[in-house]
There are 2 protein chains.
Amino acid sequence: MRASGSKAVTDLVQRLRTAGLRPTRQRVALGRLLFSSGDRHVTAESLHLEAAKAGAQLSLATVYNTLHQFTASGLLRQVVVDGAKTYFDTNTGDHHHFYAEDCATLIDIPGDAVVIDGLPKAPAGMEIERVEVVVRLKPRV
Amino acid sequence: MRASGSKAVTDLVQRLRTAGLRPTRQRVALGRLLFSSGDRHVTAESLHLEAAKAGAQLSLATVYNTLHQFTASGLLRQVVVDGAKTYFDTNTGDHHHFYAEDCATLIDIPGDAVVIDGLPKAPAGMEIERVEVVVRLKPRV
DNA sequence: TTCCCCGTTTAGAATCGTTCTAATATATTG
DNA sequence: CAATATATTAGAACGATTCTAAACGGGGAA
């Protein structure tokens, strides 16, 4: 096993290529952080910090670029729960979120668990792109 | 009927007093714009512009202050659908939203129409504050 | 009415997350 | 290896929002 080329990495490189993205050092580093453990929620800032701690040195601009490119390629999804920061979710499947404002934490809710009934149909000329449920949490008193 | 004191205005002044807010010229002006027609969705910017057009001159900082005070007093609710701007909704009851990203428009969905089933219970130590559904719309092709 | 106190407003500066710019570096192709 | 297109970068720019400190004004007391 070569030090620089585990199966996970070659898979990731393949995913990037398939998405039309050159597997640069920076994109591979971020991809490893994002995709090698289970589902994750990150912000540009948090990922940048994490990358720095892991020894990768890349600019914050690159983190932003990469997160957007990954999102455009369907590798990530953007989650809007807070006006101040943008979250990115490695789980791109159908699901929803708990959001604990007081600790700025997102928790996935599997999509197949939740049934939503009685939604009106979209206004004329529009169609539904996605239905997002955010369950806001507060500390129990 | 006095020129400066319709019933709507005295009601508004009363609402502000009850909320512990002095009925200043600026708060009354914004309150009239917000509460005299039906349910509304505004941003600080849009309300500031509207106030200016209506002849009230107040600073953008005051609009921000007032929106936050009204929200803290339960006269308004904040709606998070877009990372860039914060929306405020005069409908503080239980309801949800359509959001048309391409024209930055919010449309209310009555709360009693929608039934959500199968939500997991809140994580330990947390409780559910509110369940928000956002239905994202795109123009039909 | 007049005075005073304290909450409110204000202009402008500051802050924060994010995006842009234009110069440099790097991946890929031939 | 050279050529070319794409990616990265530091730092400036940006837009929404918040902060600051000084001026203002509501409303109770005298």
Side-chain angles (χ1 to χ4, degrees), chain A residues 4-5 9-10 12-31 41-52 55-73 75-76 78-88 101 104, chain B residues 4-5 9-10 12-31 33 41-52 55-73 75-76 78-88 104:
Chain A
S4 60
V9 172
T10 49
L12 174 56
V13 168
Q14 197 47 52
R15 277 184 93 178
L16 293 176
R17 285 227 158 81
T18 304
L21 298 170
R22 288 184 184 172
T24 61
R25 181 166 39 81
Q26 293 86 342
R27 294 209 268 235
V28 171
L30 294 177
H41 305 100
V42 302
T43 64
E45 199 91 53
S46 77
L47 185 60
H48 184 231
L49 184 66
E50 190 181 343
Q57 58 186 62
L58 33 69
S59 74
L60 184 55
T62 299
V63 177
Y64 275 104
N65 289 340
T66 303
L67 287 172
H68 287 139
Q69 291 151 355
F70 283 12
T71 301
S73 310
L75 268 42
L76 290 177
Q78 237 174 303
V79 183
V80 178
V81 284
D82 182 84
K85 292 197 166 193
T86 301
Y87 288 84
F88 294 85
E101 189 153 10
Chain B
S4 60
V9 171
T10 50
L12 174 56
V13 167
Q14 197 46 52
R15 279 184 91 178
L16 294 176
R17 285 225 159 83
T18 305
L21 298 170
R22 286 188 187 169
T24 62
R25 183 165 38 81
Q26 292 85 341
R27 296 210 264 236
V28 171
L30 293 177
L33 292 172
H41 305 99
V42 303
T43 64
E45 199 91 50
S46 77
L47 185 60
H48 184 231
L49 185 66
E50 189 181 346
Q57 59 186 61
L58 32 68
S59 75
L60 185 56
T62 299
V63 176
Y64 276 104
N65 289 340
T66 302
L67 287 171
H68 287 139
Q69 291 152 353
F70 283 12
T71 300
S73 310
L75 269 40
L76 291 177
Q78 238 175 300
V79 184
V80 178
V81 284
D82 182 82
K85 293 198 165 191
T86 302
Y87 287 84
F88 294 86

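Throughout, protein chains are lettered first and strands after them, A, B, ... in sequence-line order, and every chain is numbered starting at 1. Just so it is clear, the values below take in all heavy atoms, side chains as well, and ignore hydrogens, waters and symmetry mates. This is a predicted model, so every value here is computed, not measured.
Atom CZ of F70(A) and atom C1' of dA7(D) are 13 Å apart (whole Å). Whole-Å rounding puts the Q69(A) CD to dA7(D) P distance at 6 Å. Put simply, CZ on R27(B) is 14 Å from C1' on dT10(C), counting in whole angstrom units. As rounded to whole Å, 6 Å separates atom P of dT10(C) from atom CG of L58(B). Atom-to-atom, CG of L16(B) to C1' of dT9(C) comes out at 15 Å; the value is rounded to the nearest Å.
With a 6.0 Å radius and a threshold of 12 heavy atoms from other residues, nucleotides or ligands, Q78(B) has its CD atom above the threshold.
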query: With the sugar-phosphate defined as primed atoms, P, OP1 and OP2, and the base as all remaining atoms, what B/S/- string results for nucleotides 22-30 of chain D, 5' to 3', for protein heavy atoms under 4.0 Å?
result: ---BBS---
message: How would you summarise protein contacts on nucleotides 15-23 of chain C per nucleotide, using B for base, S for sugar-phosphate only and - for none, with heavy-atom distances below 4.0 Å?
response: --SBBB---
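Here the shortest heavy-atom pairing between P23(B) and L16(B) reads CA-CD1, 3.9 Å. When all heavy atoms are compared, the tightest approach of L30(B) to A51(B) is CD2-CB, 4.1 Å.
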Could you give the side-chain donor-acceptor pairs of residues 41-48 of chain B under 3.5 Å, partners two or more places apart or in another chain?
residue	atom	partner	partner atom	Å
H41(B)	NE2	D89(B)	OD2	3.2
H41(B)	NE2	D108(B)	OD1	2.8
T43(B)	OG1	S46(B)	N	3.0
T43(B)	OG1	S46(B)	OG	3.4
S46(B)	OG	T43(B)	N	3.0
S46(B)	OG	T43(B)	O	3.1
H48(B)	NE2	L58(B)	O	2.8

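To the nearest 0.5 Å, atoms OG1 (T66(A)) and CG (L76(A)) are separated by 10.0 Å. Atoms CZ and OG1, from R15(A) and T18(A) in turn, are 9.5 Å apart once rounded to the nearest 0.5 Å. Between the CG atom in L67(B) and the CG atom in L75(B) there is a gap of 11.0 Å [rounded to 0.5 Å]. Atom OH of residue Y87(A) and atom CG of residue D82(A) lie 5.5 Å apart, to the nearest 0.5 angstrom.
Under the side chain to side chain donor-acceptor pair (under 3.5 Å) criterion, S59(B) pairs with T62(B), not counting sequence neighbours. Evaluation of the side chain to side chain contact (heavy atoms under 4.5 Å, CB included) rule for V80(A) yields V80(B), R136(B) as partners, not counting sequence neighbours.
Relative to the axis of its first five pairs, the axis of the last five pairs of the helix from dT1(C)-dA30(D) to dG30(C)-dC1(D) sits at 20°, rounded to 10 degrees.
Residue T62(A) places its side chain closer to dT9(D) than to any other of dT9(D), dT10(C), dT8(C).
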query: Passes side chain to side chain contact (heavy atoms under 4.5 Å, CB included), L21(A) versus R27(A)? Steps please.
result: CA-CA 9 Å; L21(A) 298 170; R27(A) 294 209 268 235; 4.0 Å; yes
